[in-house]
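Each chain gets a letter, A, B and so on, in the order its sequence line appears, and its residues count up from 1. From a predicted model like this one, the values you see are computed outputs, not experimental measurements.
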2 protein chains.
Amino acid sequence: MPLLMLKNLPRYECLLEAAKEFPDLDPSACEAFLHLLHTGDECFRAVESQLARHNISQGRFGVLMSLLNNCRNDDGQAALSPAGLADRTGVTRATMTGLIDTLERDGLVTRAHDTEDRRMMVVGLTLRGRELLHEILPDHFKRMAMLMQSLDEAERKTLVQLLNKITTQAAAMAPAVASSFPAAV
Amino acid sequence: MPLLMLKNLPRYECLLEAAKEFPDLDPSACEAFLHLLHTGDECFRAVESQLARHNISQGRFGVLMSLLNNCRNDDGQAALSPAGLADRTGVTRATMTGLIDTLERDGLVTRAHDTEDRRMMVVGLTLRGRELLHEILPDHFKRMAMLMQSLDEAERKTLVQLLNKITTQAAAMAPAVASSFPAAV
DNA sequence: TATTTATGGTTAGCCGCCTAACTATAAATT
DNA sequence: AATTTATAGTTAGGCGGCTAACCATAAATA
């Protein structure tokens, strides 16, 4: 009898057994689902652990990358608003306040009042923040590449296609849940 | 110029562009990686949102399922220790204390002192907890199946195989990070 | 037997996520 | 111009995750 959504993945035979008792359980769907979540989790951890060595969480990384990207676009807006950051990183404005708090505390970002709209703050990357990213990113990308190195180009393409089918389905199931994809960046 | 690990996935062309500046960035690996995390996230949300309607979080669900599974094994141990639950669900003992606190508060589990080892508590599923699971699980499995319905059996098998390659790689990268897999359940 | 080590559960503090509510400001409407 | 609606950022409270430390108990060692 399988444990579903637990740390250790159940064997397929266990899923077959469970399907006898839970008619709504589709063994192969369940297996694919659990493997997907499990692999995603492992990949997340592999990359996150390296960030954590620099005291950077996933959420903080997203903020820093958003700001770095904004600088690189050279569109004259070297800073972003908390709401803009929240939108880009997929968290609420309330959460973004806390993230900016700790990033500011650590000297990685600056926060100032917008001169044109008094409701707004503007957040910018400090030199220290930029330097930290330049320190982190090479290894970050290396780990990403290493995780995928056992897949050749065709397999990667296959994987992406299969994953796209799933996200399309997810979007169809709950439109309010789905994110825009792919997005113009 | 892509935003990496942000809410919206970058287009492949953006990854190619970024690779010019970050030599360690492998575009196809990055694309596969980001799609994997993104799809996992969407799937997680699709299922989690249904659980949340019953005021059950992912963590609480794992506890309840572990207890349900333990009952079903009929091995005479209808209850588990907090440490056992923590091990099964992949969280720390400290976290488990909090999870059990709220589950007990909501009348879904019982908590008592172990009679054989005075260090230990035993946690068991209440009738109410069992009933809630029986209410939740049909729809839970349906959503899981629906997420994967656009993949046929061969595609599901392919996906699992590709995912297994990745988790093997993740395990090779950081043995301390990898979970045992597949586990005997 | 006494001491040391290991194990279990909890607490405190931190972080990051959420929702709802709030205040301040800007924009839209009357 | 006055009022209403919308937007931005923050706060409060809750939840769930972590680490380290703690106390109680059990097991291992001297």
Rounded to whole angstrom units, what separation is found between the CZ atom of Phe61(A) and the C1' atom of dC17(C)?
-> 19 Å
Do Asp41(A) and Arg45(A) meet the salt-bridge criterion of a basic N to acidic O distance under 4.0 Å?
-> yes
Are Thr102(B) and dG16(D) close enough that a side-chain N or O sits under 4.0 Å from OP1 or OP2?
-> yes
Remember a base hit wins even if backbone is also touched, and classify Asp114(A) as base, sugar-phosphate or nothing at under 4.0 Å, heavy atoms.
-> nothing
Rounded to the Å, how far apart are Leu85(A) CG and dT10(D) C1'?
-> 15 Å
Closest to the Ser81(B) side chain: dG9(C), dA26(D), dC17(C)?
-> dG9(C)
Under the 3.5 angstrom rule, does the side chain of Thr126(B) hit a backbone N or O of Gly107(B) as a donor-acceptor pair?
-> yes
Once you round it to whole Å, what is the distance between C1' of dC18(C) and CG of Asn55(B)?
-> 13 Å
How many Å lie between CZ on Arg88(A) and P on dA8(D), as a whole number?
-> 13 Å
Relative to the 5' end of DNA chain D, which residue comes earlier, Ala94(B) or Asp117(A), by the nucleotide with the nearest heavy atom?
-> Asp117(A)
Ser49(B) side-chain N/O to Ala46(B) backbone N/O, donor-acceptor pair under 3.5 Å = yes
Can you find a side chain N or O atom of Thr97(B) that sits less than 4.0 Å from OP1 or OP2 on dG9(C)?
-> no
Rounded to the Å, how far apart are Asp101(B) CG and dT10(C) C1'?
-> 9 Å
Take the protein atom CG of Leu99(B) and the nucleotide atom C1' of dC18(D), then report the distance between them rounded to whole Å.
-> 13 Å
Below 4.0 Å: OP1/OP2 of dA8(D) and any side-chain N or O of Arg119(A) = no
Any side-chain N or O of Thr95(A) under 4.0 Å from OP1/OP2 of dG16(C)?
-> no
Within this structure, what is the CZ-to-P distance between Arg93(A) and dA24(C), rounded to whole angstrom?
-> 16 Å
Side chains of Ser28(A) and Arg156(B): is there a donor and an acceptor less than 3.5 Å apart?
-> yes
With distance as the sole test, does Arg93(B) use its side chain to make a donor-acceptor pair with the main-chain N or O of Ala83(B) at under 3.5 Å?
-> no
Could you say whether Arg118(A) or Gly84(B) is positioned toward the 5' end of DNA chain C, judged by the nucleotide with the nearest heavy atom to each?
-> Gly84(B)
May I ask you to evaluate whether Arg105(B) reaches the phosphate of dG14(D), defined as a side-chain N or O under 4.0 Å from OP1 or OP2?
-> no
dT10(C) OP1/OP2 closer than 4.0 Å to side-chain N/O of Arg111(B) | yes
Using atom CD of Gln58(A) as one end and atom P of dC18(D) as the other, report the distance to the nearest whole Å.
-> 16 Å
Output the single nucleotide from dG8(C), dG9(D), dT19(D) whose closest atom is nearest the side chain of Met120(A).
-> dG9(D)
Touch check for Ser57(B), heavy atoms < 4.0 angstrom, all strands: base, sugar-phosphate only, or nothing?
-> sugar-phosphate
Does the Asp106(B) side chain pair with the main chain of Leu108(B), one donor and one acceptor, at a distance under 3.5 Å?
-> no
If you look at every strand shown and take non-hydrogen atoms under 4.0 Å, does Gly98(B) touch a base, only sugar-phosphate, or nothing?
-> nothing
